[in-house]
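For clarity, every value in this text was computed on a predicted model and none was experimentally measured. Both backbone and side-chain heavy atoms feed into the values below; hydrogens, waters and symmetry mates do not.
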Amino acid sequence: MNAHRFGGRSLRTRLLLFITAVLIVVCAAMALTTVFAQRAYLLGNLDDRVTNAAERSLGGASLHPDLASDLTFLHESGHPAGMLAARLDADGNVLAAATVGQDAPPQRLSDAQTAALSGVDTDGSFHTRTVPGLGTYRITAVENHGVRVLTGLPMDDVQHMIGGLVVIEAVVAAAGLTTAGVVCAVVIRRQLRPLGRVAATAVEVSHAPLCRGEVTALTRVPERDTDPGSEAGQVGAALNRMIDHVESSLAERQRGEERVRRSEERMRRFLADASHELRTPLASIAGYAELMNRGTDRIEPGLAWRRVTAESARMTGLVEDLLLLARLDEGRPLQSAEVDLAALVAEAVWDARAAGGGHDWQLELSLDASPLVLGDEARLHQVVANLLANARVHTPAGTRVLATVEARDGLATLRVRDDGPGIPPDLLPTVFERFTRADASRARATAGTGSGLGLAIVAAITAAHGGRIGVHSEPGRTEFTVELPLTGDLGADTLTWSSRASLL
């Protein structure tokens, strides 16, 4: 239970308690060591004095060995005040004992006081005895030729000195512990302040609404609290790395969700547009069939048959375009052969002239050799045809359309440029998406404006051939650029092209 309470305290409190406990133990150990060392030193000096006094007393007693109770040697001068002396028999019993007074004759000890001195061996060892009425003495007994003397000196000075030393050390230790405790509290508080700022940052991050909305810049631990040389700095740096990882993960998740959302929107729009494009010819076919069922007086059979055939062809073309896009999305391989892009573009321009005689069709070939690309000739022809058809459908009669082919740096470049009204700026970012039309309404007033799959097919076929497509448009100038990798170095013995044709 106590361990649980201690573990529940703050780190600052636990550090302060631990340091205080260590300081108390150290101070106590130092105080005890000092006291014991000082006591041993003082007792050593006292024992030396007791030994000197015993030898002097023994010398005085040896002058009258036949007088067993003689203490006349205590009348000699030079004995320290408070010293006691006694004559002993062979069994160690006290025969006579007295103390030396200050400027007074020796005083005999009472029986009770004499009894406290009994039982001391005459081997010169030191003993501590408490004599009633006199205090504590340090005594020793010595013998010389049958003369036995016990001598002792009071320990009051030693005890007072030791007691004073204990008091002084207690006061100094208390003051030192108080000062050390205050200093440690201040130092610990200052040293743990960065850890508090790290914890505050973690709390602030935990309150951030990470489950919704866009990812905003999360709070970081300040630079000063990320020093790897300190433990708090290591925690701060680790927290910053974790916040960076969380932020990048959330941003990536939101980007993924946004991509999924846009993909779902494109899919819904694609399905809606495809359904509409298929419904229109189906509705026409169903209408003409219904008129035929009601009788030939309602409609001419030849006209009805031509319209059904036309709508069927339109629906077939749309389905084929959708299937082509699906195959390209699945990454199905196309036919692979060397294709002369210049010849292919020239044929496509002639076909466009036949379909749109009201436009000014031009072809420019800036080549040193025939540009050979590796791919499906039919699909590449569809790319060029769709770009030219796009220029024909979305520009007025008399518009100049120029197709150019270049080959340099390992790339064959096809450009289709017209001087028509251009692509609306809001439509330009999505011009290669499926069912993108200048007229976004489902019921278009102009027939033959297309299903909105032409440029999507161009982009898909180009990507399937390892190329890229781009568009730049402004009023009076719209240019589509298709780049395809060449099959290899252009040979010097190949057919040389350097011409500019105007197809009227």
Side-chain angles (χ1 to χ4, degrees), residues 1-46 128 136 155-210 215-250:
M1 183 67 178
N2 292 334
H4 176 70
R5 290 181 179 179
F6 183 79
R9 299 178 185 271
S10 66
L11 179 60
R12 183 184 297 110
T13 303
R14 283 184 286 171
L15 284 175
L16 188 59
L17 291 177
F18 178 76
I19 294 175
T20 302
V22 171
L23 289 177
I24 290 175
V25 172
V26 171
C27 289
M30 294 178 62
L32 291 175
T33 302
T34 303
V35 168
F36 285 128
Q38 187 67 22
R39 184 176 183 276
Y41 175 77
L42 294 176
L43 284 179
N45 289 337
L46 181 60
T128 301
T136 304
M155 297 183 62
D156 294 341
D157 292 342
V158 174
Q159 290 178 338
H160 290 163
M161 188 173 292
I162 296 299
L165 181 62
V166 170
V167 172
I168 293 173
E169 288 188 346
V171 173
V172 172
L177 287 174
T178 301
T179 304
V182 173
V183 172
C184 288
V186 174
V187 172
I188 290 174
R189 181 181 294 274
R190 290 178 62 87
Q191 294 300 317
L192 292 183
R193 193 173 297 167
L195 197 58
R197 291 193 291 267
V198 172
T201 301
V203 171
E204 187 173 351
V205 172
S206 68
H207 291 163
L210 303 180
V215 178
T216 57
L218 299 177
T219 304
R220 299 296 197 281
V221 178
E223 186 68 24
R224 58 178 178 173
D225 297 330
T226 57
D227 182 10
S230 65
E231 287 76 6
Q234 293 173 5
V235 174
L239 181 60
N240 277 352
R241 289 194 296 271
M242 184 188 71
I243 293 174
D244 291 339
H245 178 68
V246 169
E247 195 173 69
S248 61
S249 298
L250 289 175

Q: Are L42 and L46 packed together at the side-chain level, in the sense that at least one heavy-atom pair is separated by less than 4.5 angstrom?
A: no
Q: Please tabulate, for side-chain N and O atoms in residues 170-188, each donor-acceptor pair with protein atoms closer than 3.5 Å (sequence neighbours left out).
A:
residue, atom, partner, partner atom, Å
T178, OG1, A174, O, 2.8
T179, OG1, A175, O, 2.9

Q: Can you name the nearest heavy-atom pair linking V198 to G236, along with the distance?
A: CG2-CA, 3.9 Å
Q: Rounded at 0.5 Å granularity, tell me how far CZ in R241 sits from CG in L239.
A: 10.0 Å
Q: Just verifying a value: how many Å separate R14 CZ and I19 CD1, rounded to the nearest 0.5 Å?
A: 13.0 Å
Q: Quick one: CG on D244 to OG on S249, what's the gap to the nearest 0.5 Å?
A: 10.5 Å
Q: Which residues satisfy the side chain to side chain donor-acceptor pair (under 3.5 Å) test with D157, sequence neighbours excluded?
A: none
Q: Is the number of heavy atoms from other residues, nucleotides or ligands within 6.0 Å of CZ (R39) greater than 12?
A: no
Q: Kindly write out the residues that satisfy side chain to side chain donor-acceptor pair (under 3.5 Å) with R193, not counting sequence neighbours, or none if the list is empty.
A: none
Q: State which residue, out of L17, I24, L23, V22, fulfils the side-chain contact (heavy atoms from CB on, under 4.5 Å) condition with T20.
A: I24
Q: Going from CG on L165 to CE on M161, what distance comes out if it is rounded to the nearest 0.5 angstrom?
A: 9.0 Å
Q: I need the I162 CD1 to E169 CD distance, nearest 0.5 Å.
A: 9.0 Å
